[in-house]
Chemist: 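The following block contains the structure, expressed as structure tokens.
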Amino acid sequence: MKIYINGKFYDRNAARISVFDHGLLYGDGVFEGIRAYKRLVFKLEEHIDRLFESAHTIMLNIPLTKEQVIKAVIQTLKMNKLDDAYIRLVVTRGEGDLGLDPRKCLGHATVIIIADKIKLYPEEFYKNGLAIITVPTVRNLPEALNPQIKSLNYLNNILAKIEAINAGCDEAIMLDSLGYVAECTGDNIFIVKNDHLFTPPQCMGTLRGITRDTVMEIAGKSKIPVHEHVITRHEVYNSDECFLTGTAAEIIPVVKVDGRIIGRGKPGKLTLDLMKKFKVATKKEGVRY
Ligand code: PXG
């Protein structure tokens, strides 16, 4: 495996960064998770745009243009001879001193690209659906640390993930500070009611997921009405169908939430149809390498 760090490729064991890197010391940095399917990088421009937006908000200067980042991603995929891959793109503030002050970082962000094989949820979950719970850890407040920033500080999500794991679940619904549904620890959430799709709006502490956008686009083309709307737990419990979306998970059906059976307790018709259409999109769309 060859890993890209600041323009050079290193073997896995030689790919190292400084212990003074503020990405490590403070979670001061941003990242993206991207997928490639059969030598097509899915929604690459969208991921790069989001990376640059995250960086812009935290005033982190990425020392490459968008085109150069795209080139580096492609180069990393080719170097590793991967047809299908999960790409982790990380930009940290770089090496500084033992203080928060980002001005002390050497003025050069650390850019890392790792391309590896993807490990999906077990196939049975796509067939039979996931059981998830809501957890006590509330999603970061948009007015404190906006979830739109895909920062290296994922402790909010990790705390929720730990609560899910302790309860024997693989994913968890995180609520906002008022108790409305925000999103899951690494996925967005959708519900279906009377053939309409609903998902929380960004202002609820919901990341504008690229898979979420893709699902909304597919639904639009299929004439399925989509609403970005406040969602309560009651509405989730009484939905006809529920599913999660994310780059790693793609579209995964949910059949139980907090012990309540969703719909008929099996992946719903609309969910299965969207899963099929999403698969088709990943096979024909993307940047070829
Ligand atoms: N919400 C959150 C909080 C995320 O981190 C998504 C939604 C889905 O967004 P995309 O753009 O991927 O459709 C994410 C992204 C993992 C993992 O290991 C997942 C993400 C990030 C980091 C790791 O499952 N998901």
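Indexing begins at 1, ligand by ligand and atom by atom, following the structure's order. Values below: all heavy atoms of this structure, side chains included; hydrogens, waters and symmetry mates excluded. A quick note: this is a predicted structure, and the numbers were derived from the prediction, not measured.
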Chemist: For atom CZ of Phe31, is the number of surrounding heavy atoms from other residues, nucleotides or ligands below 6.0 Å larger than 12?
Modeler: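 Check passes, neighbour count above 12.
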Chemist: Would you be so kind as to tabulate the donor-acceptor pairs closer than 3.5 Å made by side chains of residues 251-265, with sequence neighbours excluded?
Modeler:
| residue | atom | partner | partner atom | Å |
| --- | --- | --- | --- | --- |
| Asp258 | OD1 | Thr134 | N | 2.7 |
| Asp258 | OD1 | Thr134 | OG1 | 3.3 |
| Asp258 | OD2 | Thr134 | OG1 | 2.9 |
| Asp258 | OD2 | Tyr237 | OH | 2.4 |
| Arg260 | NH1 | Asp258 | O | 2.9 |

Chemist: Would you call the rings of Phe9 and Tyr4 parallel, tilted or perpendicular if under 30° counts as parallel and over 60° as perpendicular?
Modeler: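 Perpendicular, since the angle between the ring planes exceeds 60°.
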Chemist: How about Arg208: does its CZ atom have over 12 heavy atoms from other parts shown lying under 6.0 Å from it?
Modeler: no
Chemist: Which donor-acceptor pairs under 3.5 Å do the side chains of residues 70-78 make with protein atoms, sequence neighbours left out?
Modeler:
| residue | atom | partner | partner atom | Å |
| --- | --- | --- | --- | --- |
| Thr76 | OG1 | Ala72 | O | 2.7 |

Chemist: Would you be so kind as to tabulate the donor-acceptor pairs closer than 3.5 Å made by side chains of residues 115-122, with sequence neighbours excluded?
Modeler:
none

Chemist: Quick check for students: name every N or O atom pair between ligand 1 and the protein closer than 3.5 Å, with distances.
Modeler:
| residue | atom | partner | partner atom | Å |
| --- | --- | --- | --- | --- |
| ligand 1 | 1 (N) | Glu183 | OE1 | 2.6 |
| ligand 1 | 5 (O) | Lys150 | NZ | 3.3 |
| ligand 1 | 5 (O) | Tyr154 | OH | 2.5 |
| ligand 1 | 11 (O) | Arg50 | NH1 | 2.9 |
| ligand 1 | 11 (O) | Arg50 | NH2 | 3.0 |
| ligand 1 | 11 (O) | Ile210 | N | 2.7 |
| ligand 1 | 12 (O) | Thr247 | N | 2.9 |
| ligand 1 | 12 (O) | Thr247 | OG1 | 2.5 |
| ligand 1 | 13 (O) | Ile210 | N | 3.3 |
| ligand 1 | 13 (O) | Thr211 | N | 2.9 |
| ligand 1 | 13 (O) | Thr211 | OG1 | 2.6 |
| ligand 1 | 25 (N) | Gly186 | O | 3.1 |

